[in-house]
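Taking it in order: structure first as structure tokens, then the write-up.
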Amino acid sequence: MTDVLIVGGGIGGLALAQGLRKHGITVAVYERDRRRDDRVDRYRLAINPAGSRSLRACLPDRHWQAFIDTAGRPGGGFGFLGTDLRTLVLVEDAVMYPDDPDPAERAYPVDRHTLRGVLLDGLDDTVHYDKAFERYELAADGRPTARFADGTSATCDVLVGADGINSRVRAQYLPTATQRDAGAVGVGLKLPLNDDTRAWLPARLAEGMNLIVTGAPHFLFTSVFERRQPVGDDYLLCAFVARNELFPSRPERLDGPQLKAYVAGLITHWHPALRQLIDQCPPNDVSAFPFQASDRPAPWAPSRVTVLGDAVHGMPPAGGNGANTALRDAALLTRQLSLADGGHLPLLDVIGGYEAEMRAYGFHAVDLALRTLHQGMMSNPVSVGLTRGWFSLCGIASPLRRMTFGASWAKISAPRQWERSATNRTS
């Protein structure tokens, strides 16, 4: 029996834990948070078909149904708007993700906190809190022992670093794998959606996802999270993204009112409703995140230590592929480790296969996120004019919309060969 230790209880680490338990593999998660409810990060995630497919592979039936039941209300499309709120083009949901009869091949808006609750369900005896990872040691047979800040340790057959972009596991395992400043800062804001805010919020901003195209080195992204059954906690997620030089150094140290003031100073000529949107977001729901991106490392020899998610291929949130890629890692690593646990392949072979495939799609996602980020901050007048003109043409002609936007969403979430094989085995 394979014994797996996961450092980090985020989305990817917990999905891996569920997947391994589903396959009868012994697993333990060590999380630095002191208790289950320490994380209160409530914001919308866009789970694309790659993420849905991966969740279906990892989750027991009951948990998969809970994921579907707690997902937000779908629909609304993706709007590209000017700062005057004029719609340049509205990309329909059917263009982004054509309807599929298989629920595991659809896209879902989800609340991150709610999804984490689904992933934690049934793992009370698996997740160990207040365990800050410090380092690992390898025995003569290659088995890792993880050591924690409280003086405790745990030995396993496989150690998985799922501890985020500042991963201590990766720092020791792949010391030459580096991250770089992506050149931008994101300010996250949330506006509660209730009768009062809906009374003044423009209709287009109250549905789907939208990108405010500015022609300046900053932009605003908005997305709605509405539960299927109203419980009073619907919200509009806003992400104001700007080049580093538009904010002071260490913007993450600024409080909510300070961040709102900086944003307000950059949008003085925008539509009044957009300025009101920023003004009305509660200060406690405002925070800044300097964006980072992982550099593509050279291939490495597999061992009994590996990494997933942001710990290896961290990326800016532009495009919304970070969580989906971490979920894909979890599904693939589950598949590979189950092959080793069943005696079908040697352990190092399956880990090496996971890492080679993960590098391919993971760093493709990083590259896409960086391109999306830089396109959003594009300020060259000629490029901006051409983009706006093309968007306007796409708004008139549906074939142009499908040609321009359909492939960009479909390519990143299309099934890879091993995912198609898994589907064929279970159909």
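Note on Arg53 versus Asp102: no salt bridge recorded, every NZ/NE/NH1/NH2 to OD/OE distance being 4.0 Å or above. Ion pair Lys260/Asp285 not flagged as a salt bridge, since none of the NZ, NE, NH1 or NH2 atoms sits closer than 4.0 Å to an Asp/Glu carboxylate oxygen.
Residues Asp295 and Thr178 bring a donor and an acceptor atom of their side chains to less than 3.5 Å of each other.
Judged purely by atom type and a 3.5 angstrom limit, Glu92 has no side-chain atom pairing as donor or acceptor with the backbone of Ala94. Arg168 places a side-chain N or O within donor-acceptor distance of the main-chain N or O of Phe133, the cut-off being under 3.5 Å. In this structure a side-chain-to-backbone donor-acceptor pair under 3.5 Å is present from Arg228 to Ala71. Between the side chain of Arg32 and the backbone N or O of Gly9 there is no donor-acceptor pair closer than 3.5 Å. In this structure a side-chain-to-backbone donor-acceptor pair under 3.5 Å is present from Asp341 to Thr2. Between the side chain of Arg359 and the main chain of Pro297, no donor-acceptor pair closer than 3.5 Å is present. In this structure a side-chain-to-backbone donor-acceptor pair under 3.5 Å is present from His271 to Ala273. Not one N or O on the side chain of Gln18 forms a donor-acceptor pair closer than 3.5 Å with the backbone of Ala15.
Partners of Ala410 by side chain to side chain contact (heavy atoms under 4.5 Å, CB included), not counting sequence neighbours: none found. For Phe148, the ring-ring contact (aromatic ring centres under 6.0 Å, His included) test picks out Tyr30, with sequence neighbours left out. Every ring-ring contact (aromatic ring centres under 6.0 Å, His included) that Phe391 has, sequence neighbours left out, goes to Phe80, Phe405.
When side chains are defined from C-beta on, Val4 counts as touching Val160, because their heavy atoms get closer than 4.5 Å. A heavy-atom distance below 4.5 Å is not found between the side chains of Ile351 and Asp349.
Taking the six-membered ring where tryptophan is involved, the planes of Phe247 and Phe240 are perpendicular, since the angle between them exceeds 60° and thus also 30°.
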